[in-house]
Trainee: 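Let me give you the structure first, and then I'll get to my questions.
Here, residue 1 is the first one in the sequence, and each next residue gets the next number. Quick caveat, the model's predicted, so the values are computed rather than measured. Numbering of ligands and ligand atoms starts at 1, following listing order.
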Amino acid sequence: MVRPKKFLGQHFLRDKNIAAKIVDALQLKQQAVVLEIGPGTGVLTDLLNRRPEVDLYLSEIDRESVAYLKEHYLSLSDKIYEGDFIEMDLERLTTGKIHIIGNFPYNISSQIFFKILDYTHKVEQVVCMLQKEVADRLAEKEGTKTYGILSVLLQAYYTIEPLFKVPPGVFHPPPKVMSAVIRLARNNRVQLPCDEQLFRRVVKQSFQNRRKTLRNALKPLNLPHSVLINPLMDKRAEQLSVDDFILLTTEIEKKRGTDHQI
Ligand code: SAH
């Protein structure tokens with residue numbers, strides 16, 4: 001047995017039917033590299049390992065879980081990345097595409113998504129369980145209070161689909177919050193039409209002061225007058241759609257050619 005460790009966000013899923021629903025939510029058309037984040041004692045691993053089209057890799061930080069997995073899944077023993085997913089080099093895992101699945105450690109779920117954002121050219125799909133509140137926020141559209149940085153950045157690359165809720169009682173130990181499973185599927189935007197780092201910066205800076213108009217929130221970027229007069233600048237971050245943010249960044253980038261302040 002593996003003792004659940006709170007500091008690693010360990011809540012082990014005990015319900016086999018829910019595990020099956022999560023694994024079934026991963027849509028694969030052909031043989032694919034699948035990376036499970038935080039397999040723990042393998043409730044999803046076991047089912048993933050039975051799917052013939054799945055070429056499975058694991059990322060697990062907990063030594064005790066890794067020892068358990070190596071003992072129970074001999075064929076996977078050299079496909080376990082023992083360590084922190086956030087530090088993992090996904091380029092080295094495969095030259096091709098990756099599908100990610102997992103009951104994520106809730107304490108680092110935002111970091112996991114920022115990491116995935118560094119690999120949008122590789123990560124085709126993510127099926128994951130999260131704290132419901134966080135899951136809702138990721139899928140949120142503009143015009144709501146919970147729409148935020150990760151909603152915009154992720155939706156620029158992924159279609160996010162909320163799938164189902166999971167109550168605390170099916171975990172050991174039960175978390176204090178409701179959970180939810182969502183799927184992110186890579187959209188058709190191969191690349192943004194603007195500089196991707198600048199896009200991230202604009203989105204982050206805009207939401208840093210979400211109650212201010214962008215004209216004020218983006219002051220630290222020293223934007224030239226020709227950008228400041230854009231009507232989008234009268235709005236607040238939460239009023240801008242993903243496309244608006246892309247448009248705005250494209251304009252900032254264009255003006256950057258003539259103005260080197262940014
Ligand atoms: N998949 C299992 C466990 C989910 S709990 C189940 O559904 O029952 C979250 C898991 O993530 C734990 O096994 C924990 O050890 C692991 N974990 C926590 N932080 C991690 C990190 N930084 N990198 C990889 N795994 C991590």
Trainee: Would you please write out the protein residues whose heavy atoms approach any atom of ligand 1 to under 4.0 angstrom, listed by chain and number?
Mentor: Leu8, Gly9, Gln10, His11, Phe12, Leu13, Glu36, Gly38, Pro39, Gly40, Val43, Ser59, Glu60, Ile61, Asp62, Gly83, Asp84, Phe85, Asn103, Pro105, Ile108
Trainee: Can we say Lys29 and Glu53 salt-bridge, meaning some charged N sits less than 4.0 Å from an Asp/Glu carboxylate O?
Mentor: no
Trainee: With the threshold set at 4.0 Å, does a side-chain nitrogen-carboxylate oxygen contact exist between Asp244 and Lys235?
Mentor: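 Salt bridge flag = no for Lys235 with Asp244.
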Trainee: List the steps, then state whether salt bridge (charged side-chain N to carboxylate O under 4.0 Å, His left out) holds for Glu64 with Lys5.
Mentor: CA-CA 10 Å; Glu64 226 181 330; Lys5 298 163 203 73; 2.8 Å; yes
Trainee: So Val126 and Phe104, side-chain contact (heavy atoms from CB on, under 4.5 Å) or not? Walk me through it.
Mentor: CA-CA 11 Å; Val126 182; Phe104 286 176; 4.0 Å; yes
Trainee: Would you sort out whether Lys141 and Gln155 count as a side-chain hydrogen bond (donor to acceptor under 3.5 Å, both in side chains), showing the intermediate values?
Mentor: CA-CA 9 Å; Lys141 294 285 180 222; Gln155 288 173 39; 3.1 Å; yes
Trainee: Please say whether more than 12 non-hydrogen atoms of neighbouring residues, nucleotides or ligands are located less than 6.0 Å from NZ in Lys165.
Mentor: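 Incorrect, the count does not exceed 12.
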